[in-house]
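Scroll down for the structure; my scribbles are underneath it.
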Number of protein chains: 2
Amino acid sequence: MKFSSQEEYGLRCLLCLAREREGGGLAIPAISQAEGISTTYVAKLMRILRRGGFVKSARGKIGGYTLSRPPDQIVVGEVLALLGGRLFEPEFCDDHAGDLEVCTNSTDCSLRSLWRAVQFVVDQVLRKTTLQDLLRNEQKMTFWVSGLLNLSGEPNLKQLFKPL
Amino acid sequence: MKFSSQEEYGLRCLLCLAREREGGGLAIPAISQAEGISTTYVAKLMRILRRGGFVKSARGKIGGYTLSRPPDQIVVGEVLALLGGRLFEPEFCDDHAGDLEVCTNSTDCSLRSLWRAVQFVVDQVLRKTTLQDLLRNEQKMTFWVSGLLNLSGEPNLKQLFKPL
DNA sequence: ACAAATCTTGACAAATCTGTATAGATTATG
DNA sequence: CATAATCTATACAGATTTGTCAAGATTTGT
């Protein structure tokens, strides 16, 4: 299970715009330079983000990209879903009918339940995280995340660093 | 963010073995038929699982594969880490020193913190899930997962089905 | 009208992931 | 020993993802 390149770089481009105060826009070359991605790749990513409704574009000499909404109203989970799809797609195992019906294939469906459980906990985090939240530095971000997870105090912080 | 094919099919092969009571083994053709995967692909996956220490193999006419340990001692998170790697690799952003040091690059590191947070909640689920747990049917599995997530009762169950 | 800077689009090449093919090594059984 | 069934290992082709290229369209300012 990995984040795709498109998810990582797309989100970085969006963060780049979020860092511009008062909705100031950026052109592709500026984003490219700031993030160290080629201009053509930035163009491709921004096109996806535009069609997903997260940014607006303007052509011409003073054109560029701006966020469609303030950073605190752009949910990271929705951005990642656009760039990389969802972990658990409803079509994963279609042998069942109804919302809580039990599937005929117990093997597939125990996987299905597991996939859904993972999707659920991931959404718990990503639904509550906005671009604005990602503008903090790492230390603040770590404490904030700790709060998200209903952890409190120093000892639990260490859990964030514990390997599997 | 997706589970890879290798993660899904590898875990299915392992589940196939777990379903054999009393550590009875299975040969590649049997697993292939049970899961609908080609024998050659099963062979490739089982090789990975063997080198990861999750199964033992025996060659010859009465050979085949068996789990190295009982199903309740095989942690799904460890299996998936072998088959598909980790979401958050420690090398993700190496510009920092020490465990709680703040990275110089605030952008990279807010992503780093986010990735780590997602990894953390995923591990919360996958560390507590064993092959034995996955042998339940979907309904039992859904309730069990609900307990894992500190949810309780019918209303919260619905959360598992809520889209992003 | 023209030029310069910008975004837009589809096609393309390179890298990675998926799944298959093939040849070989090991072991039980007669 | 011979055979048949098994696992082992590497190499290979197809599909997908990643990232680039090139030609075009739009807008500003002169």
Side-chain angles (χ1 to χ4, degrees), chain A residues 1-14 16-17 20 24-68 80 82-87 89, chain B residues 1-14 16-17 20 24-68 80 82-87 89:
Chain A
M1 186 177 32
K2 296 280 187 187
F3 283 109
S4 67
S5 283
Q6 191 163 286
E7 285 172 289
E8 174 175 341
Y9 291 128
L11 186 51
R12 282 189 182 179
C13 289
L14 217 48
C16 218
L17 289 179
E20 296 296 310
L26 285 178
I28 287 175
I31 301 173
S32 165
Q33 188 164 14
E35 294 299 329
I37 315 173
S38 75
T39 55
T40 53
Y41 195 23
V42 170
K44 182 177 197 166
L45 294 168
M46 295 313 292
R47 179 193 182 188
I48 296 171
L49 290 168
R50 173 178 56 83
R51 301 210 281 196
F54 294 106
V55 300
K56 286 178 295 190
S57 66
R59 293 210 253 203
K61 201 161 188 175
I62 60 168
Y65 288 96
T66 56
L67 296 182
S68 297
L80 292 178
L82 171 70
L83 292 166
R86 299 267 292 164
L87 198 56
E89 309 278 1
Chain B
M1 187 175 32
K2 296 282 188 188
F3 284 108
S4 67
S5 282
Q6 190 163 286
E7 285 172 290
E8 175 175 340
Y9 290 127
L11 186 51
R12 283 189 180 177
C13 290
L14 218 47
C16 219
L17 289 179
E20 296 297 309
L26 285 177
I28 288 174
I31 301 174
S32 164
Q33 188 164 14
E35 294 299 329
I37 316 173
S38 76
T39 55
T40 52
Y41 195 23
V42 171
K44 182 178 196 167
L45 295 168
M46 295 312 292
R47 179 194 182 191
I48 296 171
L49 290 167
R50 173 178 55 84
R51 301 210 283 196
F54 294 107
V55 300
K56 286 179 297 192
S57 67
R59 293 211 253 203
K61 201 160 186 177
I62 60 168
Y65 289 95
T66 56
L67 295 182
S68 298
L80 292 178
L82 171 70
L83 292 165
R86 301 266 293 162
L87 200 56
E89 310 278 2

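Residue numbers start from 1 in every chain, and the chains themselves are labelled A, B, ... in the order their sequence lines are given, proteins ahead of strands. Bear in mind the structure is a predicted one, so any value in this text is a computation, not a measurement.
Atom CD in A/Glu35 sits roughly 16 Å away from atom C1' in D/dG19 (whole-Å rounding). Taking atom CG of A/Leu83 as the reference point, atom C1' of D/dG19 lies 15 Å away to the nearest angstrom. In this structure, the CD atom of B/Gln6 is 13 Å from the P atom of C/dT20, given to the nearest Å. Here the P atom of nucleotide D/dT17 and the NZ atom of A/Lys2 are 17 Å apart, to the nearest Å. Per the geometry, NZ belonging to A/Lys56 stands 19 Å off C1' belonging to C/dT8, to the nearest Å. Straight-line distance from the OH atom of B/Tyr9 to the C1' atom of C/dC17: 14 Å, rounded to whole Å. If you take CD1 of B/Ile28 and P of C/dT26, they are 16 Å apart, rounded to a whole angstrom. Between B/Glu7 atom CD and C/dC17 atom P the separation is 12 Å, expressed in whole Å.
Pairing each heavy atom of A/Ile28 with each of A/Thr39, the nearest pair is CG2-O, 3.3 Å. Minimum interatomic distance between A/Glu35 and A/Cys16 (heavy atoms only, all atoms of both residues): OE2-SG, 3.7 Å.
Side chain of A/Glu7 to backbone of B/Met1: a donor-acceptor contact under 3.5 angstrom is found. Judged by distance alone, the side chain of A/Ser4 and the main-chain N or O of A/Gly84 form no donor-acceptor pair under 3.5 Å. A donor-acceptor pair is defined here as one N or O able to donate and one able to accept, closer than 3.5 Å; no such pair exists between the side chain of B/Lys56 and the backbone of B/Tyr65. A donor-acceptor distance shorter than 3.5 angstrom exists from the side chain of A/Gln6 to the backbone of A/Leu83, with no hydrogens or angles considered.
Closest contact between the side chain of A/Ser38 and the listed nucleotides C/dT6, C/dT26, D/dT20 involves D/dT20.
For B/Thr40, no side-chain nitrogen or oxygen approaches OP1 or OP2 of C/dT22 to under 4.0 Å. At least one side-chain nitrogen or oxygen of B/Ser5 sits closer than 4.0 Å to the OP1 or OP2 atom of C/dG19. In terms of phosphate contacts, A/Ser57 brings no side-chain nitrogen or oxygen within less than 4.0 Å of OP1 or OP2 of C/dT6.
Interatomic distance, CE of A/Met46 versus CG of A/Leu26, reported as 8.5 Å (0.5 Å rounding).
Residue B/Leu49 forms a side chain to side chain contact (heavy atoms under 4.5 Å, CB included) with just one option from B/Leu17, B/Leu14, B/Leu67, and that option is B/Leu14.
Using a 4.5 Å heavy-atom cutoff, the side chains of A/Cys13 and A/Ile37 are in contact.
The stretch residues 41-54 of chain B comes close to DNA chain C through B/Tyr41, B/Lys44, each having a heavy atom under 4.0 Å from the strand.
When each of B/Tyr65 and A/Thr39 is assigned the nucleotide of DNA chain D with its nearest heavy atom, B/Tyr65 is the one assigned upstream, toward the 5' end. Two residues, A/Lys61 and B/Ile37, neighbour DNA chain C, and the one matched to the more 5' nucleotide by heavy-atom proximity is A/Lys61.
In DNA chain D, runs of at least 3 stacked Watson-Crick or G-U pairs (N1-N3 plus N6-O4 or O6-N4, or N1-O2 plus O6-N3, all under 3.5 Å) give these stems: C:1-30 with D:1-30.
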